[in-house]
Amino acid sequence: MNFPRLQEKLEILADAAKYDVSCSSSGGNRKNKKGGLGDSHATGICHSYTEDGRCVSLLKILLTNHCIYDCAYCVSRKSNDIKRAAFTVEEVVDLTINFYRRNYIEGLFLSSGIFKDAETTMERLVRVAKKLRKEHNFNGYIHLKSIPGASDEIMKEAGLYADRLSINLEIPTTRGLKLLAPEKSHDQMIKPMGFIKNELNLYKEEKKIFKNVPKFAPAGQSTQMIVGATDETDLKIIKVADHFYQNFKLKRVYYSGYVPMLEDKRLPSIDSQVPMLRENRLYQADWLMRFYGFKADEILEKSNPFLDLEVDPKLAWALRNREQFPVNINTATKEMILRVPGIGRKSMYKILTARNFQKLNLEHLRKMGVATNRAKYFVEFESQNIFNKYIDDFNFRKIILQGMKSKFQNPFSEQLTLF
Amino acid sequence: MTILLYDGTFEGLLTAIFEVYEYKFDPAEIIAEERYNTESIFSATHKVSTDQEKSDRVLKRLEKNIGKKGISQLLKVYLSENENAERLILSAVSQSILFPNEYILENFANSDIMEIAKITKSVSREVHRMHAFVRFEKLQDEVYFAKIEPDFNVLPLIIRHFKNRYQDQKWMIYDLRRHYGIFYDLNEAQFFEPALEQTSQLKRTENILHEEEIQYQKLWQRYFFKTNIPERKNMNLHVQSLPKRYWKYLTEKL
Ligand code: SF4
């Protein structure tokens with residue numbers, strides 16, 4: 001093994017892959033077949049965290065950063081004057097296995113620039129996955145980027161070896177995409193997503209009848225949208241996300257605050273800030289839709305299509321809908337308890353079970369880990385709650401904000417415990 | 001008040017609990033012998049000798065009342081080495097005997113139960129961190145070796161995970177603080193306690209590393225550096241997710 005050369009490639013191709021924020025290794029369910037290497041955890045494991053606070057779970061690299069396309073937002077674009085490199089299939093396999101054996105990673109996330117055409121590129125990615133599975137009996141996690149324009153046959157094969165497949169929309173609006181990536185179209189991306197969705201459904205159906213149907217991408221598919229490279233609103237973004245959750249059965253949508261790195265008059269200037277808080281709010285909104293029973297248009301309205309940067313979207317909703325509160329903790333439905341600011345899903349379950357034993361009060365909630373500095377205004381009990389009177393106060397928003405330190409949550413963590 | 005002294009093992013603790021009921025000690029306190037140092041003139045002591053049968057009978061009863069899940073919670077409390085562990089476990093057992101038809105470990109309004117929930121949460125978090133932060137180094141004899149220093153005694157709780165994951169390589173995980181480890185020899189994973197003169201060798205492995213080991217460590221370190229986005233730097237989040245006390249065993253942070 002030529003380690004210095006390998007290291008140089010790894011540096012270039014990890015650097016080029018880092019803007020894909022997806023890090024999840026969850027949803028895998030491959031068990032270690034007797035004597036093999038690796039076993040996937042349903043919840044995924046973050047083995048480390050970079051200094052930007054992101055989870056390191058997979059070896060995330062490009063197979064190559066040579067690309068025939070010229071997408072404005074991408075460092076690997078053809079017109080960008082950078083060092084190029086390409087791994088061989090064997091090198092990627094060797095790195096994956098050796099990192100996995102040392103417990104550095106859960107598996108591999110392999111993406112690539114389009115070096116010849118979509119089909120050839122995809123075919124090469126699949127070859128890596130196939131080798132890992134077939135020759136090395138590797139049962140760790142594999143996430144493959146699907147290259148738009150690749151054939152259904154190769155996509156089908158990809159699904160046999162990969163746990164997750166993804167296609168990044170990158171730019172949420174058609175207009176924005178046309179501007180920044182004129183060679184691409186949403187249709188071209190949506191087609192393989194539809195194909196994957198159908199294959200996933202098919203697998204589910206066949207599984208009911210036959211026991212030994214080969215797995216197809218058991219961890220489903222995901223996508224990513226860049227936030228702040230064009231002028232889209234938050235409402236637009238979460239509507240798009242909602243659409244893909246509903247219609248393409250996506251496991252996750254990732255939001256990636258645009259990191260200015262290229263001079264281009266179509267893009268925000270090179271010294272603009274990465275919109276991290278906005279990105280964080282989008283993740284919170286996304287969680288509200290997926291796990292808290294909120295609809296996209298409850299979170300944002302046309303008249304005000306941007307998320308409140310000062311308060312999280314759940315608190316923002318509560319402030320707009322004060323007539324729904326206070327909520328009686330001892331009698332309210334699960335759905336309503338979930339809507340109380342300061343109560344997350346775990347506390348909600350604790351409340352539901354504990355109230356079978358006895359009536360609960362604010363002190364109980366505090367001990368269960370509820371953020372009572374917010375929740376106290378919105379809940380009621382059998383005995384009087386002096387904080388309820390503030391709900392109708394003109395300065396309620398201010399009163400709440402004074403009582404809480406806003407904590408920046410890690411949007412990439414597997415267990416985003418919100419609110 | 002009766003103080004029951006036991007040998008510090010989980011079976012010993014369960015035996016002690018059995019004897020609290022057998023001899024109707026009330027109030028009772030259970031303490032591990034090696035932690036008991038102040039003789040108190042106000043309380044009598046009772047020495048427990050660990051008895052597999054008594055311990056099994058407590059377990060059986062517990063399994064009926066709170067199930068395997070409940071037992072594993074209590075085992076976590078025991079492994080937490082928390083100074084209140086015995087008291088909390090005794091309290092949970094008494095409650096489960098009082099209310100055999102309820103899953104008493106969910107009575108979160110009870111302060112002992114809430115404390116148990118807190119402890120098991122911390123222990124589970126430590127287990128999860130060990131799954132994540134164990135770093136193996138390949139040695140010359142092809143054994144993958146890792147040192148750990150967990151806050152709680154979680155080694156028994158992580159065996160299954162590593163055994164499932166690494167079936168085709170020999171590996172060893174050693175707890176530096178508690179001086180014992182697990183060794184998997186391609187067939188079984190077994191506990192081992194090194195002799196005193198071996199422990200210093202287990203601490204210093206740099207002379208027995210496999211010839212490629214340093215290269216892969218370097219690759220990993222460079223990868224870790226390059227996958228970071230400096231424009232998004234957020235050290236608070238970094239340290240919060242990756243507490244400093246784990247750094248000295250993390251290859252990427254060396
Ligand atoms: S096709 Fe992919 S790799 Fe190539 S420039 Fe566009 S985004 Fe970058």
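Just so we're on the same page: letters track the sequence lines, and every chain starts at 1.
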- Message: Is any side-chain heavy atom of A/His47 closer than 4.5 Å to one of B/Arg135?
- Response: yes
- Calculate, to the nearest 0.5 Å, the distance between atoms CG and NE2 belonging to B/Asn110 and A/His364 respectively. 9.0 Å
- Note on the structure: Value for NZ (A/Lys18) from CG (B/Asn228), rounded to nearest 0.5 Å, stands at 7.0 Å
- Item | For A/Ser269, all residues meeting side-chain hydrogen bond (donor to acceptor under 3.5 Å, both in side chains), sequence neighbours excluded | A/Asp271
- Message: Under 3.5 Å, is there a donor on one side chain and an acceptor on the other for B/Tyr103 and A/Asn356?
- Response: no
- Report the distance from atom CD of B/Gln167 to atom CG of A/Asn32, rounding to the nearest 0.5 Å. 3.5 Å
- Query: Just checking heavy atoms, which of residues 61-85 of chain B are less than 4.5 Å from chain A?
  - Reply: none
- Query: Taking every heavy-atom pair that is under 4.5 Å apart, which of A/Lys350, A/Gln273, A/Lys60 has the most such pairs with chain B?
  - Reply: A/Lys350
- When you look at A/Asn103 and B/Tyr166, which way does the side chain to side chain donor-acceptor pair (under 3.5 Å) test go after all the steps? CA-CA 9 Å; A/Asn103 206 40; B/Tyr166 299 113; 3.1 Å; yes
- Query: What do the steps show when you test B/Glu213 against A/Arg102 for salt bridge (Lys or Arg N to Asp or Glu O under 4.0 Å), and what is the final call?
  - Reply: CA-CA 10 Å; B/Glu213 179 55 28; A/Arg102 288 165 175 79; 2.8 Å; yes
- Message: Donor-acceptor pair, distance only, cut-off 3.5 Å: does the side chain of B/His238 make one with the backbone of A/Tyr49?
- Response: yes
- When B/Leu242, B/Ile229, B/Asn164, B/Val134 are compared by non-hydrogen pairs under 4.5 Å with chain A, the top option: B/Ile229
- Under the 3.5 angstrom rule, does the side chain of A/Arg54 hit a backbone N or O of B/Thr227 as a donor-acceptor pair? yes
- Item | From B/Lys218 atom NZ to A/Leu6 atom CG, the distance as rounded to the nearest 0.5 Å | 12.0 Å
- Option in A/Ile12, A/Leu10, A/Leu360, A/Ile105 with maximal non-hydrogen atom pairs under 4.5 Å from chain B: A/Leu10
- Item | Any donor-acceptor N/O pair, B/Arg165 side chain to A/Asp39 backbone, under 3.5 Å | yes
- Item | Derivation of the salt bridge (Lys or Arg N to Asp or Glu O under 4.0 Å) call for B/Asp168 and A/Arg101 | CA-CA 10 Å; B/Asp168 68 343; A/Arg101 286 198 186 285; 2.9 Å; yes
- Out of A/Ala17, A/Ala16, A/Gly36, which one racks up the most heavy-atom pairs below 4.5 Å with chain B? A/Gly36
- Using the side chain to side chain donor-acceptor pair (under 3.5 Å) rule, take B/Tyr216 and A/Asp94 through it: C-alpha gap first, then chi angles, then the decisive distance, then the call. CA-CA 10 Å; B/Tyr216 282 108; A/Asp94 182 79; 2.6 Å; yes
- Item | Neighbours of chain A found in residues 87-98 of chain B - heavy atoms under 4.5 Å | none
- If you round to the nearest 0.5 Å, how far is CZ of B/Arg232 from OG of A/Ser256? 6.0 Å
- Message: Can you tell me how far apart CD (B/Glu212) and CE (A/Met1) are? Round to the nearest 0.5 Å.
- Response: 7.0 Å
Show me the donor-acceptor pairs, under 3.5 Å and distance only, between side chains in residues 144-157 of chain B and residues at least two apart or in other chains.
from	atom 1	to	atom 2	distance (Å)
B/Lys147	NZ	B/Lys203	O	3.2
B/Glu149	OE1	B/Lys248	NZ	3.3
B/Glu149	OE1	B/Tyr249	OH	2.6
B/Asp151	OD1	B/Arg245	NE	3.4
B/Asp151	OD2	B/Arg245	NE	3.0
B/Asp151	OD2	B/Arg245	NH2	2.9
B/Asn153	OD1	B/Tyr180	OH	2.6

- Task: Select one option (side chain, backbone, both, neither) describing which atoms of A/Leu365 are under 4.5 Å from chain B's heavy atoms.
- Result: neither
- Query: For the residue pair B/Trp220 and A/Tyr104, does the interplanar ring angle fall in the parallel (under 30°), tilted (30 to 60°) or perpendicular (over 60°) class?
  - Reply: parallel
